[in-house]
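Accompanying notes for the structure given below.
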Amino acid sequence: MPSVASRGRGRRRAMSEINMVPFIDVMLVLLIIFMVSAPLITTGVVDLPSMGKSKQRPQSVIEVIIGPDEKLKIRVDKSEPTAIGSTQLAAKVKEAQAGSAEVPVIISADKQVRYESVVKVMDTLQRAGVLRVGLAVRQGS
């Protein structure tokens with residue numbers, strides 16, 4: 001009978017199953033914690049720069065107008081705008097500045113113009129040595 005006695009006291013088989021109940025309980029607790037704490041987290045606030053007001057208006061202003069069809073026009077001191085090509089832009093602005101680098105150049109673009117076109121105009125002016133280049137903004141909504 002030694003074979004019967006050794007069979008009962010032998011090694012136990014290892015359990016090959018994972019008990020999922022504690023895992024599910026922990027996951028549900030974490031889910032509840034995140035659901036409760038998510039509305040309490042403050043969102044990051046972006047502090048955008050504000051536009052200041054100039055103390056005095058410049059005597060002469062050159063305005064480059066980009067229309068909805070991306071055609072360029074130039075206006076000097078509230079005169080009638082004249083159409084120009086993108087290759088003539090830098091030369092016309094330098095001519096309108098008449099050697100004075102302090103004359104500001106303002107770019108006015110239609111709302112439907114791609115931003116890429118505005119950046120190209122700014123880049124053209126800066127490469128030509130125009131120092132004071134700005135963007136026109138509209139107050140209000």
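Numbers here are sequence positions counted from 1. These values consider heavy atoms only, across backbone and side chains, with no hydrogens, waters or symmetry-generated copies.
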**Request:** Please list all pairs passing the salt bridge (Lys or Arg N to Asp or Glu O under 4.0 Å) test where one or both residues lie in residues 61-72, with sequence neighbours left out.
**Result:**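 Counting only pairs at least two positions apart or across chains, the salt bridge (Lys or Arg N to Asp or Glu O under 4.0 Å) contacts touching residues 61-72 are E63-R75, E70-R114.
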
List for me each residue that meets side-chain contact (heavy atoms from CB on, under 4.5 Å) alongside [X], sequence neighbours excluded, and say none if there are none.
X	result
F23	M20, M27
V36	I32
P68	D110, Q112

**Message:** Please enumerate all residues that pass salt bridge (Lys or Arg N to Asp or Glu O under 4.0 Å) together with K94, with sequence neighbours excluded.
**Reply:**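 Partners of K94 by the salt bridge (Lys or Arg N to Asp or Glu O under 4.0 Å) criterion come out as none, since no residue qualifies.
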
**Asked** What distance do E80 atom CD and K73 atom NZ have between them, rounded to the nearest 0.5 Å?
**Response** 8.5 Å

**Item:** Atom pair CG (D25) and CG (L30), whose distance is rounded to the nearest 0.5 Å
**Value:**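 Result: 11.0 Å between the selected atoms.
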
**Request:** List, by chain and then residue number, the residues other than V29 in its hydrophobic cluster (Ile/Leu/Val/Met/Phe/Trp/Tyr, side-chain heavy atoms under 4.5 Å); write none if there are no others.
**Result:**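 I33, listed by chain and number.
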
**Request:** Could you identify which residues cluster with M122, counting Ile, Leu, Val, Met, Phe, Trp and Tyr as linked when any side-chain heavy atoms lie under 4.5 Å apart, either directly or through a chain of such contacts?
**Result:** I62, V64, I66, L72, I74, I84, L89, V93, V103, V105, I107, V113, V118, V121, L125, V130, V133, L135

**Asked** Which pair of non-hydrogen atoms, one from P104 and one from S60, has the smallest distance, and what is that distance?
**Response** CD-O, 3.4 Å

**Request:** Report the residues that fulfil side-chain hydrogen bond (donor to acceptor under 3.5 Å, both in side chains) with D123, sequence neighbours left out, ordered by chain and then residue number.
**Result:** R127

